[in-house]
Amino acid sequence: MFSFQEVPPFFEPGAPPPTLPILIAQTEVGKMQSPTKLLAEEEIGTGSVRRQPSSVRFAPYPNPAKQKTPSPPTAPSKKPPPARSKQLATARSTSDSTSQKSSSSDSDSDSDDDGDVLIAKPEGEAGRPGRGGYNLEEALSWNAKEYRRLKKYVKKLVVDQLEPTKNFSSQSVASLTSVRVMAVQKFPALRGYAACWPVTDLVRLELKYTCGRSRLQVQKEQAKAGRRLTRSSE
């Protein structure tokens, strides 16, 4: 059984109960429901008054899951003017054709160099096979008849173009060059030898021989002159 107690219209309640400290994060902020009845019309009993839970809840911090990250602004693409693009295409095609031409010319020059390999001079000195040198006729590997023709022609050039009484180092550079040129014109096979070293070796050997004969001739003449002086003094 419930007991009812009349409440006067000018009811003055006592002091309210002390409020409990609540964090703002735990406080419901939103639309409050207005009471449907006046306080004087409400029934006061032992039962507790139930409140309908609010459907709106507020949190102090926003939910990161519901936030949308703004997309970065996209820069507008710049297209080159048509004239500039045509110039770039022309320059690229020109550079490609130039590189192809240079590569083809390099390959051609390499093939030419490979075909014009010159025969190098052997180590040592010609005419001294037993002392670190080599035999010129064996080094050339020419036909015996052709080698004798070359040797005879170079001997003639030494007499006509050089000074036979002087050694190789005392000869003029221009004269030695003319001897090589004339020998190559007479024997085209000499073009395959580096610096025309077979002709140089033959010139050295011939000048060594002519210089030796010249010294011997001078010594003989001096000896004859000395004997004459001795006889005249007696």
Side-chain angles (χ1 to χ4, degrees), residues 95-234:
S95 62
D96 294 339
S97 61
T98 305
S99 62
Q100 290 177 359
K101 290 180 180 179
S102 62
S103 61
S104 62
S105 62
D106 292 340
S107 62
D108 294 340
S109 63
D110 293 340
S111 61
D112 294 340
D113 293 341
D114 295 339
D116 296 336
V117 176
L118 300 179
I119 301 174
K121 180 182 180 299
E123 295 182 0
E125 185 179 352
R128 294 185 176 182
R131 290 175 286 179
Y134 57 92
N135 186 290
L136 181 58
E137 186 175 2
E138 294 178 358
L140 288 177
S141 298
W142 282 17
N143 187 9
K145 184 178 179 180
E146 193 71 9
Y147 178 74
R148 286 195 297 270
R149 287 182 63 246
L150 174 62
K151 189 175 180 180
K152 184 178 179 180
Y153 184 72
V154 172
K155 182 177 180 179
K156 182 178 180 299
L157 292 178
V158 169
V159 176
D160 296 341
Q161 303 294 329
L162 303 178
E163 299 181 22
T165 58
K166 294 182 180 180
N167 55 14
F168 184 85
S169 60
S170 300
Q171 305 293 331
S172 65
V173 178
S175 299
L176 292 172
T177 303
S178 63
V179 169
R180 295 190 188 97
V181 172
M182 296 173 70
V184 170
Q185 291 176 355
K186 185 70 173 179
F187 299 89
L190 294 172
R191 299 179 186 274
Y193 296 87
C196 199
W197 58 267
V199 177
T200 304
D201 288 347
L202 288 173
V203 170
R204 286 180 183 274
L205 293 173
E206 186 62 24
L207 288 176
K208 186 182 293 185
Y209 174 74
T210 55
C211 286
R213 287 188 60 183
S214 177
R215 284 194 299 267
L216 289 175
Q217 189 67 26
V218 171
Q219 291 176 2
K220 288 180 180 180
E221 291 178 358
Q222 290 178 354
K224 288 181 181 180
R227 286 196 295 269
R228 290 173 185 173
L229 290 174
T230 304
R231 289 175 183 177
S232 63
S233 63
E234 292 177 352

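All residue numbers refer to positions in the sequence shown, counting from 1.
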Atom pair [atom1] ([X]) and [atom2] ([Y]), whose distance is rounded to the nearest 0.5 Å:
{"X": "Asn143", "Y": "Glu137", "atom1": "CG", "atom2": "CD", "answer": "9.5 Å"}
{"X": "Lys186", "Y": "Tyr153", "atom1": "NZ", "atom2": "OH", "answer": "6.5 Å"}
{"X": "Leu162", "Y": "Ser172", "atom1": "CG", "atom2": "OG", "answer": "7.0 Å"}

key: Ion pair Lys166/Glu163, N-O distance below 4.0 Å   =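 Result for this pair is yes, salt bridge flagged.
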Evaluate the side-chain proximity of [Y] to [X]: yes if any heavy-atom separation is below 4.5 Å, no if none is.
{"X": "Val179", "Y": "Val158", "answer": "no"}
{"X": "Leu140", "Y": "Tyr193", "answer": "yes"}
{"X": "Lys151", "Y": "Glu206", "answer": "no"}
{"X": "Asn167", "Y": "Leu207", "answer": "no"}
{"X": "Val184", "Y": "Cys196", "answer": "yes"}
{"X": "Phe168", "Y": "Thr200", "answer": "yes"}

query = Between Trp142 and Leu150, is there a donor-acceptor pair closer than 3.5 Å when you use the side chain of the first and the backbone of the second?
reply =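 Absent.
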key: Pair Leu202-Tyr147, side chain to side chain contact (heavy atoms under 4.5 Å, CB included): steps then yes or no   = CA-CA 11 Å; Leu202 288 173; Tyr147 178 74; 4.0 Å; yes
task = Please list all pairs passing the side-chain hydrogen bond (donor to acceptor under 3.5 Å, both in side chains) test where one or both residues lie in residues 120-129, with sequence neighbours left out.
result =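 Residue pairs passing side-chain hydrogen bond (donor to acceptor under 3.5 Å, both in side chains), neighbours aside: Lys121-Tyr134, Glu125-Lys208.
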inquiry  = Which residues pass the salt bridge (Lys or Arg N to Asp or Glu O under 4.0 Å) test with Arg149, not counting sequence neighbours?
reply    =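 Checked Arg149 against salt bridge (Lys or Arg N to Asp or Glu O under 4.0 Å); matches are Glu146.
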